[in-house]
Amino acid sequence: MLLIDLARTSAAVAADSARLAKIRHLAELLGRVGPDEAEIAIAYLSGELPQRQIGVGFRSLRDLPEPRQVATATLTQIDALLDRIKSQSGAGSQAARRDLLAELFGAVTRQEQSFLVRLLTGELRQGALDGVMIEALAKAAEVPSAEVRRALTLRGWLPAVGAAALRGGVGELRDFHLEVGRPVAPMLAQSAPSVTAALEKIGGPAAVEWKFDGVRVQAHRKGEDVSVFTRTLDDITAQVPELVEAVLALPENDLVLDGEVLALRPDGRPEPFQVTSGRVASKTDVSSLRASVPLSVFFFDALRVGGADLLDLPAAERHVALRTALPAGLVAPRIVTAEPEEGEEFFADAVRRGHEGVVVKSPLTPYAAGRRGAGWIKVKPRHTLDLVVLAAEWGSGRRRGWLSNLHLGALDPETGTFVMLGKTFKGLTDELLTWQTEQFLRLAQGPADDWVVHLKPELVVEIAFDGVQRSSRYPGGMALRFARVLRYRPDKRAEEADTVSAVRALMP
DNA sequence: TTCCGACAGTGGGGTCGCAAT
DNA sequence: ATTGCGACCCCACTATCGGAA
């Protein structure tokens with residue numbers, strides 16, 4: 001199959017806003033792709049690469065060669081070139097990578113170039129990714145989408161699952177099983193503003209469990225072999241020896257566990273996320289880092305214990321298996337309650353101890369991997385500040401033409417100036433985007449730029465955020481974590497905004 | 001007919017590893 | 001030694017579609 005066929009299908013998918021129409025376009029193409037190229041076609045049309053990543057991003061794609069006039073490139077040829085590019089990533093040569101990219105982009109037409117750029121930068125923007133592709137595969141292979149979903153849960157890689165569906169239908173999909181040593185797509189959580197609201201949503205007794213501010217891990221053990229994977233299914237076994245040893249010390253030797261790894265201080269309080277993140281990402285000098293930044297692990301779910309798959313069991317039963325297989329010190333602290341007061345008190349205590357919040361879990365739900373089901377609901381405390389808009393950046397995609405991304409500052413009362421604390425684009429409705437674009441253009445001052453519009457510091461906006469962290473990027477040495485807009489404060493003048501010292505008081 | 005679950009899009013701060021400068 | 005880039009860790013929120021109620 002030719003790459004141009006995919007580029008055309010992608011364009012048709014982008015042109016129709018209806019999901020059912022997108023599914024029809026994708027299924028039509030999947031119906032005529034050969035078995036050798038099915039995996040490539042599924043990957044490309046759901047915004048992924050068979051190679052996963054190849055060390056090429058936005059910056060490497062600025063200067064493209066002249067396109068061809070006639071489309072002749074096949075999926076197999078493109079895939080082979082991407083393989084060669086990947087082999088030059090990391091320890092390879094950037095010059096070699098540049099030459100190969102020139103060869104790749106010189107071999108395709110303008111429309112294919114555009115498709116490849118969006119694919120390689122991870123910004124396909126056709127309104128269809130895994131969720132829509134699952135439905136399209138189900139349609140093309142004439143199988144229930146639930147079967148595709150189930151197989152994806154267990155395999156974690158849609159191109160492989162989809163190719164199996166097209167090849168062998170339900171029969172082949174049923175061959176996917178939980179395999180120790182191969183990661184499963186982790187279950188995700190929705191969020192709620194309070195434990196009370198979360199309990200309401202679940203509607204009955206629920207587990208309320210500490211939420212740690214660390215890195216999600218999935219640990220597999222078969223005999224004396226242990227592997228550890230992240231949320232995106234990357235293997236980090238070598239970076240977390242403490243975790244490997246903890247799992248090897250268990251009496252049970254056929255296990256798949258879900259948990260969180262984090263760095264604790266000697267007094268037992270958690271280190272800031274930045275410390276945990278840096279430690280987990282470090283591949284060099286792990287043995288000396290162990291001494292200075294030791295990692296702890298807390299598990300909260302069991303997908304397999306003693307050779308038995310537990311994914312389809314209710315959460316409460318999985319937790320019994322977890323407690324049976326693990327010492328209490330390795331299990332995330334939790335209570336089970338239907339009483340809002342009791343849940344709120346447990347939440348407040350977790351936060352007092354420095355943790356991120358809690359996750360409220362239904363006792364009934366199976367392990368719904370990879371979906372943000374209503375079975376898990378996270379609750380975190382929320383801070384707010386009244387800050388001043390210092391500048392704004394033009395949006396892209398559906399936000400093109402709107403000033404979208406706000407630069408936020410706190411008041412320095414000594415000098416009457418404002419100290420930038422970060423940016424946000426979250427929490428804005430289309431109506432608010434329209435309103436603020438007008439206001440910002442009225443307040444514009446300073447050097448004109450086609451990216452950033454600088455403003456007279458007059459507009460006050462109420463910002464919600466999760467916390468304040470150390471920053472080497474911003475002048476105050478602090479940045480907001482997960483900042484989002486709540487509302488504008490036309491009743492407040494900039495001189496009444498929150499001050500730098502008020503922000504500093506929130507630093508851990 | 002209205003409601004609501006699931007999805008895609010639009011970006012945020014921080015850290016590490018690596019090649020090039 | 002420093003810089004730029006890619007990859008990945010954490011992530012919130014709104015608009016939209018289409019099936020459920």
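A, B, ... follow the sequence lines: proteins, then strands. Residue 1 opens every chain. When reading the values below, keep in mind they use all heavy atoms of this one structure, side chains included, and skip hydrogens, waters and symmetry mates.
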Send over the distance from A:L129 CG to B:dA6 P, rounded to a whole Å. 17 Å
Between the side chains of A:D258 and A:Y367, does any donor sit under 3.5 Å from an acceptor? yes
Please classify the nucleic acid contact of A:D130 as base, sugar-phosphate, or nothing, using heavy-atom distances under 4.0 Å. sugar-phosphate
Could you identify the nucleotide paired to B:dG5, looking across every strand shown and requiring Watson-Crick or G-U wobble geometry with both distances under 3.5 Å? C:dC17
Please name all residues satisfying side chain to side chain contact (heavy atoms under 4.5 Å, CB included) with A:T232, sequence neighbours left out, ordered by chain then number. A:R52, A:T230, A:D234
For a quick check, with a 4.0 angstrom heavy-atom cut-off, what is the B/S/- contact string for nucleotides 14-21 of chain C, read 5' to 3'? SSBBSS--
Name the nucleic acid region contacted by A:K22, choosing base, sugar-phosphate or nothing; use a 4.0 angstrom heavy-atom cut-off, strictly under. nothing
Can you name the residues that form a side chain to side chain contact (heavy atoms under 4.5 Å, CB included) with A:A151, not counting sequence neighbours? A:V161, A:L173, A:F176
Take the protein atom CG of A:D235 and the nucleotide atom P of C:dC8, then report the distance between them rounded to whole Å. 13 Å
Do we get A:R382 above A:F465's six-membered ring, with its NZ or CZ under 6.0 Å from the centre and within 45° of the axis? no
Got a list of side-chain donor-acceptor pairs under 3.5 Å for residues 22-29 of chain A, not counting sequence neighbours?
residue : atom : partner : partner atom : Å
A:K22   : NZ   : A:V13   : O            : 3.0
A:K22   : NZ   : A:D16   : O            : 2.9
A:K22   : NZ   : A:Q126  : O            : 2.9
A:H25   : NE2  : A:D16   : OD2          : 2.7
A:E28   : OE2  : A:R32   : NE           : 2.8

What are the atom names and distances for every N/O pair under 3.5 Å that joins the protein to nucleotides 2-5 of chain C?
residue : atom : partner : partner atom : Å
C:dC5   : OP1  : A:R59   : NE           : 3.0
C:dC5   : OP1  : A:R59   : NH2          : 3.4
C:dC5   : OP1  : A:R62   : NH2          : 3.4
C:dC5   : OP2  : A:R59   : NE           : 3.4

Starting at atom CZ of A:R470, determine the distance to atom P of C:dC10, rounded to an integer number of angstrom. 22 Å
When we call it a touch if two heavy atoms are under 4.0 Å apart, what does A:E123 touch: a base, just sugar-phosphate, or nothing? nothing
What residues in residues 39-54 of chain A put a non-hydrogen atom under 4.0 Å from any atom of DNA chain C? A:Q53, A:I54
I'd like to know if the side chain of A:Q88 pairs up with that of A:D99 as donor and acceptor (distance under 3.5 Å, no hydrogens or angles considered). no
Using whole Å, report how far CZ of A:F273 lies from P of B:dT15. 10 Å
Residues in side chain to side chain contact (heavy atoms under 4.5 Å, CB included) contact with A:A11, at least two apart in sequence or another chain: A:Q111
Could you state the interatomic distance from CZ (A:R149) to OG (A:S145), rounded to the nearest 0.5 Å? 6.0 Å
Can you tell me which residue pairs pass the salt bridge (charged side-chain N to carboxylate O under 4.0 Å, His left out) test with a partner in residues 269-278 of chain A, sequence neighbours excluded? none
For residues 394-404 of chain A, which side-chain donor-acceptor pairs fall under 3.5 Å, sequence neighbours excluded?
residue : atom : partner : partner atom : Å
A:R398  : NH1  : A:D430  : OD1          : 3.2
A:R398  : NH2  : A:D430  : OD2          : 3.0
A:R399  : NH1  : A:S404  : OG           : 3.0
A:R399  : NH1  : A:F425  : O            : 2.9
A:R399  : NH2  : A:F425  : O            : 3.3
A:W402  : NE1  : A:T434  : OG1          : 3.3

In whole angstrom, what separates A:L480's CG from B:dG13's P? 10 Å
Looking at A:D466 and A:K380, does any basic side-chain N land under 4.0 Å from a carboxylate oxygen? yes
Taking only N/O atoms, report every protein-nucleotides 2-4 of chain B pair under 3.5 Å with atom names and distance.
none

Scan A:T230 against the nucleic acid and name what it touches under 4.0 Å (heavy atoms): base, sugar-phosphate only, or nothing. sugar-phosphate
Within this structure, what is the CG-to-P distance between A:D234 and B:dC16, rounded to whole angstrom? 17 Å
Under the rule for side chain to side chain donor-acceptor pair (under 3.5 Å), what residues qualify as partners of A:E123, not counting sequence neighbours? A:R125
I need the NZ-P distance between A:K201 and B:dA6, as an integer number of Å. 10 Å
With a 4.0 Å cut-off on heavy atoms, is A:A464 in touch with a base, just the backbone sugar-phosphate, or nothing at all? nothing
Nearest-Å distance, CD1 (A:I236) to C1' (B:dG17)? 16 Å
A:W435/A:Y488 aromatic ring centres below 6.0 Å: yes
Side chain to side chain contact (heavy atoms under 4.5 Å, CB included) partners of A:S194, counting only residues at least two apart: A:T196, A:A197, A:E344
Any base atoms under 4.0 Å from A:S282, or only sugar-phosphate, or nothing? Heavy atoms, all strands. sugar-phosphate
